[in-house]
Protein chains: 2
Amino acid sequence: MNPELSLTEENYLKAIYHLSEDSGLDVSTNSIADEMATKPASVSDMLRRLSKKGVVHYQKYRGVSITDSGRKIALQVIRKHRLWEVFLVEKLGFNWDEVHDVAEQLEHIKSSLLTQRLDKFLGHPTMDPHGDPIPDENGEIKEAPQLPLADLQPETQGIVVKVPDSDPSLLRHLDKLNMRLGSKIMIHDKVEFDNSVLIQIDEHEKIYLSGEIAKTIMLAVK
Amino acid sequence: MNPELSLTEENYLKAIYHLSEDSGLDVSTNSIADEMATKPASVSDMLRRLSKKGVVHYQKYRGVSITDSGRKIALQVIRKHRLWEVFLVEKLGFNWDEVHDVAEQLEHIKSSLLTQRLDKFLGHPTMDPHGDPIPDENGEIKEAPQLPLADLQPETQGIVVKVPDSDPSLLRHLDKLNMRLGSKIMIHDKVEFDNSVLIQIDEHEKIYLSGEIAKTIMLAVK
DNA sequence: AAATATCTTTAGATATATCTAAAAATATTT
DNA sequence: AAATATTTTTAGATATATCTAAAGATATTT
């Protein structure tokens, strides 16, 4: 069976998971200390403990990697975090940038029944309000396909996961339209003549967006 | 402003609140130790701390009472506990005997926005699934007049508004008898010998209920 | 009011989770 | 490969939250 982890241990494990996902390499003590806003000495202590519990593979001075058992636990925590984010945004009307701190607390609630029921209540979502995938009960992640807004068919929807970061004037324009990372976009119509699209951004008014811009906006779909 | 309390401190404060509500007197170290399933020595330590934070009034060897500031905090925790219970039962389809442990965790989530939004989402409920009143944002409680089933006279009737929320085996038993919040109870007879009562629950068969259980069931009487 | 019983506190331990400062190991530069 | 820099660990402190055992205070009984 998986070991019981304290809240702190869960947070360390999550940090190690994210860092090794990003780099693909063993994770250093210092990088964990940065991520956790703590000191390397504290990290060393914790790594010995996590290693004893079998959730990480740790060699002194050589860095740390996550074990299968550890990955499973980390993914369960991430699953709960993202399910709660969906709940906060979809059901309680939070903005997507207000949910993180609350979800950081809710993700540690221990009740597999709760997670199961919450998942069902939310309609088994596969994506959180930032477009990140929600691992299933077994820790499987199905990465949502990302497409340019321009390629989506009418009556489908997606979440903005990438906008070109090179053009300040475009960013200002998008901001004025209330389109930002995490915005939920519903495509209502495509205009053949100029490839512009009729879209609704979150709960705002429908607007037309030029095909030129629509080509640069990446959406995570389903 | 109210002091920040740790999860443990919140739980002690809640226990002290409940104990002093029940007895009306100053609360003893031993009774808190029982309630918290810990040792009196630990309670003494905690009382000094809570006192220093101004949430209880404490005199060595003389027991403890809750201050206005402490009561406010306790009532906020109780408010959150009961709102979450409503959520679990009404929205996630939990049985009312499955919610206590999860609500014990959820009640400590710190976000006044969350509490506000949850309250609104649930339609501003005034009672939890066990019939206990939900304090409002200001800690006001509106209590309905209640009597133990055991105290009612034969040929009178009432509505179940409260059952103890701490004993899952009792809750399961009552559920099997079809007795739940809102059930209409008619008292047909009282047996002097053992204080058991002959009752009819809604439109079900008449049954005998032990005096022990009858003492714990609170009814709203016309 | 003395003896006894009960309740409460204090003192001293243990375990967690952190820190700083110093030591040790590893990596980089010259 | 020696010197230097960086990273990591260890050792020793501090604060919380608990415990047991012993001492002290209060309450009850005779």
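What you are looking at is a predicted structure, and each value in this text was computed from that prediction instead of being measured. Within every chain, numbering begins at 1; the chains are lettered A, B, ... in the order of the sequence lines, protein sequences first and strands thereafter. Computed from heavy atoms alone, side chains included, the values below leave out hydrogens, waters and symmetry copies.
Atom OH in Tyr12(A) sits roughly 12 Å away from atom C1' in dT16(C) (whole-Å rounding). Regarding Ile32(A), its CD1 atom lies at a distance of 14 Å from the C1' atom of dT9(D), rounded to whole Å. As rounded to whole Å, 15 Å separates atom C1' of dT7(D) from atom CG of Asp26(A). With rounding to whole Å, Asn30(A) atom CG is found 18 Å from dA25(C) atom P. Nucleotide dT10(C) holds its C1' atom 17 Å from the CE atom of Met46(B), rounded to whole Å. Summarising the geometry, the separation between CG on Leu7(B) and C1' on dT16(C) is reported as 15 Å, rounded to the nearest angstrom. With rounding to whole Å, Leu47(A) atom CG is found 13 Å from dT7(D) atom C1'. To the nearest angstrom, P of dT10(C) lies 9 Å from CG of Asp45(B).
Note that Lys91(A) lies in the cation-pi zone of Phe121(A), set by a 6.0 Å cut-off to the ring centre and a 45° limit from the axis.
Look at Thr38(B) and you'll find a side-chain N or O under 4.0 angstrom from OP1 or OP2 of dC19(D). Between Lys39(B) and dT20(D) there is a side-chain polar atom (N or O) within less than 4.0 angstrom of OP1 or OP2. At dT8(D), none of the side-chain N or O atoms of Ser44(A) fall inside 4.0 Å of OP1 or OP2 (strictly under the cut-off).
Nearest to the side-chain atoms of Tyr58(A) among the listed nucleotides dT9(C), dT9(D), dT18(D) stands dT9(D). Checking dT10(C), dA11(D), dT18(C) against every side-chain atom of Ala41(A), the shortest atom distance belongs to dA11(D).
Using modelled atom types, one finds a donor on one side chain and an acceptor on the other under 3.5 Å when comparing Ser196(B) with Asp194(B). Residues His18(B) and Glu35(B) bring no donor and acceptor atom of their side chains to less than 3.5 Å of each other.
In this structure Arg48(B) satisfies the salt bridge (Lys or Arg N to Asp or Glu O under 4.0 Å) test together with Asp45(B), sequence neighbours excluded.
A salt bridge links Arg71(B) with Asp68(B): the distance from a Lys NZ or Arg NE/NH1/NH2 to an Asp or Glu carboxylate oxygen falls below 4.0 Å. With respect to Asp119(B) and Arg79(B), a salt bridge is recorded, a charged nitrogen being found less than 4.0 Å from a carboxylate O.
Residue contacts for Thr29(B): at a heavy-atom cut-off of 4.0 Å it reaches the sugar-phosphate backbone alone, with no base atom in range.
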**Prompt:** What does nucleotides 24-29 of chain D look like as a protein-contact string, B for base, S for sugar-phosphate only, - for none, at under 4.0 angstrom between heavy atoms?
**Reply:** BSSS--
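In terms of modelled atom types and a separation under 3.5 Å, the side chain of Gln105(A) and the main chain of Lys110(B) share a donor-acceptor contact.
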